[in-house]
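Presented below is the structure to which this report refers.
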2 protein chains.
Amino acid sequence: MPLPSRVSDLASFDLLLSVAELGSIGRAAKAHGMSQPSASERLRTLEARVGVALLERTSRGARLTTAGQLVAGWAAPVLARAVDLDAGITSLRADRHGQLRVAASLTVAEYLLPAWLIALRAVSPDTATVLTAGNSVHVAEQVLAERADLGFIESTGMPQGLASRVVAKDELVLVVAPGHPWARRRRVTAAKAAGTPLVSRESGSGTRQAWEHALRGAGITEFAGPLLEMSSTTAIKAAAIGGIGPAVLSIHAVEADLKTRTLVRVEVSDVDLHRALRAVWPSGRTPRGPASDLLTIATRSVTHRADRR
Amino acid sequence: MPLPSRVSDLASFDLLLSVAELGSIGRAAKAHGMSQPSASERLRTLEARVGVALLERTSRGARLTTAGQLVAGWAAPVLARAVDLDAGITSLRADRHGQLRVAASLTVAEYLLPAWLIALRAVSPDTATVLTAGNSVHVAEQVLAERADLGFIESTGMPQGLASRVVAKDELVLVVAPGHPWARRRRVTAAKAAGTPLVSRESGSGTRQAWEHALRGAGITEFAGPLLEMSSTTAIKAAAIGGIGPAVLSIHAVEADLKTRTLVRVEVSDVDLHRALRAVWPSGRTPRGPASDLLTIATRSVTHRADRR
DNA sequence: ATGAACGCATAGGCTGTGCCTATGCCTCTG
DNA sequence: CAGAGGCATAGGCACAGCCTATGCGTTCAT
C-alpha cells in the first residue's frame, strides 16, 4: 500500500506550518531559504492537492483558514516524527568523529533513542552522536571494549564488568489481525500460543528468544516452527495485518496499530512478557559529559512515564 | 526551523518499507507503480542522503541492513502519521457527496478523528466522509439542522435536543519552556496562573474560554490580558517553546513535546482542567449505518484507553 | 551442464516541476 | 499622498526523476 502522493511532499506542509507560525508567506519563505514567489506557488499547489482553501491571504499577511488549522494540526505530528527520523539518521552517520558513541539494541534504538537524542541536542547542541545497533551481546561487547561510551540493552543476561540502570520497560505482545479467531476472545493459553506457528523474525532474534524464554518460564517446552520468517518488524506487521497469522512484537512496535485497531492484542495466560531495558557502562567508569547527560535524559523518561499513569 | 531536507522525501522511505516487506526492489517498484530502475535509483540516492548502506542487494532480492532496519523503524511512524493526515484531508474535500457528514470541534478533529476515520474505512471502505470543523456551538447547530449526521464537541453547555455519549477525555495543560522559572517547581497557584499573561488563541477560542471557566471555578475573577495572540496551535507551541511565555493547550497538542521535554508541564493547584469530549446527535434519531459505526469506533477508543491504564 | 528465469545496475533521452528575478497591484499607515 | 509591506504573475532556466532498452550475475530445473 503505497503512500498517497497527496501527502508525500513534506516540505510544503512544513512551509504551511511556518506560515501559521510567522503570519506571512514571505517570512515563511525566508525561514525556509526560498523566494517569496516560490513559497507562494508551493502553497498554491498544496491547496490544489488538498482541494480546499488553507490560507486567507490579506494585504498584510496570511492566516490559516479553519481547514488550514486542521491540516496544520495533522501535519505537525508527521513533521515531528520526521525530525525524530532525522535525529536517528544523524546518529547513524559516522563520518563526524562523534564525541559520544552509543550502542543500543534494536528496540531501544528504534523506539526510544530518537527522542533522547533530540533532548540531548537541546542540552548540548554540539555533541555529535554515533549510534551502533545490534543485539544485547553485541552491545555489551562494544561497551566493554570501550568502543561505545554508553549502551542500552534488554536486561536478560547481564555480563560481568558492566554497571547498569533501568531506563525503560518493554513488553512483548501477541497480536493478530482483527478478523483472526483469537481476536474475539482476546486471550489464549501459553500452550496454545507456543503450539501455533507464528510470523516471526529469523531465529536468533532477541524478540524470538525472549518469547521462548518467557514461555519456558511457564513450563512450556515444545514450540511450533515459525509460520513465516521475515527480515524486518515492518514486514512482520504487514504480514500479521494481512491475516497471515499471529505475530509477537514489542509493544512499542504495535502501539499505533493497536490504537487504530489494525491489529488486536491477545493476552497469553500466566506468562510474564515484560522486560526491563537498561543502560550499561563499564563498572567503575561512571559516565561523564554527554554520556552522563544522555543517561539522565533516558532515566528521566522512565520517571516521566511513571508520572503519567 | 525548516525540516532537514534529508527526510523530506517521504516516497523514498515508503519505498524502503516496501522493499523490507516484499523482499525485492522490483516488487516494491511494482507496488508503487514505477519501473524497477526508477526504484533502484531512488533507493540509491536515499542511501546517499542517509550516508550509510541501507540495503543488501543480492541476486535474488534485497534485504535491509541493520542500519536499514533502524531507518525503516524510524520512518514507519512518519508514514503512519502521514496516512492519518491523508485520511483527514480526504474527509475535508466535499466534492464527493459523502454519505456521512461529521461536524467536530477542532480538538476532536485534530487529534482523534483521523484514527477513527481509518478504522471506519476498514469497516465500511466505501463510505466517503465529509468533515466540518468549528467550535462547539457551531457543531451543535450543524447537527440540529441535520446538516451533519454526527457531531463531536466539548461537553460544556450541551444544547437541548441533542443526545450524547462521552467518547474521550480532554485536559488543558499549562506548559512552559524548560528554561522558564516555573519549569523547576512544576506547580503554580491558580491566582498566579491567572495573573500571568499567556500566549493564547484569539479570545473566543474554546480553549481559552474553558481555561477561564475552570479558574473561575476555583474562585478566580481577575485575569491578566494575553501576552500574545496567535492564530494556530502550532504557532502558540512555537512561541512557548521559544520562551515567549507560558501557554495553555490541550494535552493532546503537547503530548509529544512533553515526552521530548521541549515543553514542561506545570500543574495548577486546586483547578480541575479536565473536560469530556462527547459525540452528539439529534435526540430520538439514533445514528444508523456509517454514523453508528463511527460512534462505535469512537466509543471503543475510550474503553480501549481505559484498558491500558 | 546448460539454458531459462529472476533480479539489480547502467545508459540515454525526455518531460515536467520547481525555483529565481523582475515587476505589478493592493492595502494599510503615517 | 507617498511609502512600505505583502502577495500574484510572467518568463526563463536548470535539474531531478522517470521510462525503455539492455547487460550482467546468480539460482534453479531439466
Side-chain angles (χ1 to χ4, degrees), chain A residues 2-50 52-65 68 72 229-232 235, chain B residues 2-50 52-65 68 72 229-232 235:
Chain A
L3 184 74
S5 67
R6 218 187 322 174
V7 296
S8 65
D9 180 19
L10 275 204
S12 294
F13 289 99
D14 195 22
L15 194 58
L16 182 70
L17 290 220
S18 288
V19 174
E21 187 180 327
L22 302 173
S24 103
I25 295 177
R27 272 195 290 277
K30 187 170 291 180
H32 285 251
M34 62 171 61
S35 72
Q36 170 265 317
S38 300
S40 187
E41 187 183 329
R42 264 198 107 97
L43 291 166
R44 189 167 300 282
T45 66
L46 178 63
E47 281 181 308
R49 271 204 302 272
V50 170
V52 300
L54 303 175
L55 290 173
E56 221 175 286
R57 287 149 238 250
T58 75
S59 61
R60 69 175 169 193
R63 313 168 51 78
L64 296 187
T65 61
E229 294 196 345
M230 306 196 77
S231 62
S232 76
Chain B
L3 184 74
S5 68
R6 220 187 319 175
V7 296
S8 65
D9 180 18
L10 273 204
S12 293
F13 288 99
D14 195 22
L15 194 58
L16 182 70
L17 289 224
S18 288
V19 173
E21 186 179 329
L22 301 173
S24 102
I25 294 177
R27 273 195 291 276
K30 187 171 290 180
H32 285 251
M34 62 170 61
S35 72
Q36 171 265 319
S38 299
S40 187
E41 187 183 328
R42 264 198 107 97
L43 291 166
R44 189 167 301 281
T45 66
L46 178 64
E47 281 181 308
R49 272 204 301 272
V50 170
V52 299
L54 303 175
L55 291 172
E56 223 175 286
R57 287 149 238 251
T58 76
S59 62
R60 68 175 169 192
R63 314 167 50 77
L64 296 188
T65 61
E229 293 196 346
M230 306 196 78
S231 63
S232 76

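The chains referred to below are lettered A, B, ... by the order of the sequence lines, with proteins before strands, and numbering in each begins at 1.
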List in chain and number order the residues that pass side-chain contact (heavy atoms from CB on, under 4.5 Å) with B:Ser59, two or more places apart in sequence or in another chain; answer none if no residue qualifies. none
Summarise how protein sits on nucleotides 10-21 of chain C as a single string, 5' to 3': B when a protein heavy atom is under 4.0 Å from the base, S for sugar-phosphate-only contact, - for no contact. B-------SSBB
Within this structure, what is the CG-to-P distance between B:Leu22 and C:dG7, rounded to whole angstrom? 11 Å
Results of salt bridge (Lys or Arg N to Asp or Glu O under 4.0 Å) for B:Arg27 - residues two or more places apart only: none
Contact check, residues 57-65 of chain A vs DNA chain D, heavy-atom distance under 4.0 Å, returns A:Arg57, A:Thr58, A:Ser59, A:Arg60, A:Gly61, A:Ala62
Taken in chain and number order and not counting sequence neighbours, the residues that satisfy side chain to side chain donor-acceptor pair (under 3.5 Å) with A:Thr65 are none
So if I take the C1' atoms of five pairs at each end of the helix from C:dA1-D:dT30 to C:dG30-D:dC1 and get each local axis, what angle do the two axes make, rounded to 10 degrees? 20°
Contacts of type side-chain contact (heavy atoms from CB on, under 4.5 Å), residue A:Thr58, not counting sequence neighbours: A:Arg60
With side chain to side chain contact (heavy atoms under 4.5 Å, CB included) as the criterion, how do A:Val52 and A:Leu54 come out once you've worked through the C-alpha distance, each side chain's angles and the decisive distance to 0.1 Å? CA-CA 6 Å; A:Val52 300; A:Leu54 303 175; 4.1 Å; yes
Spacing of CD1 belonging to B:Ile25 relative to CG belonging to B:Leu15, to within rounding of 0.5 Å: 8.0 Å
Results of side chain to side chain donor-acceptor pair (under 3.5 Å) for A:Arg57 - residues two or more places apart only: A:Glu47
Taking side chain to side chain donor-acceptor pair (under 3.5 Å) as the test, write out the residues that go with B:Ser12, two or more places apart. B:Asp9, B:Arg42
In chain order, what residues pass the side chain to side chain donor-acceptor pair (under 3.5 Å) check against A:Thr45, with sequence neighbours excluded? none
Nearest-Å distance for atom pair CG/C1', residues B:Leu55 and C:dA9: 14 Å
Atom CD of B:Glu56 and atom P of C:dG7 are separated, to the nearest Å, by 17 Å
Rounded at 0.5 Å granularity, tell me how far CZ in A:Arg49 sits from OG in A:Ser8. 6.5 Å
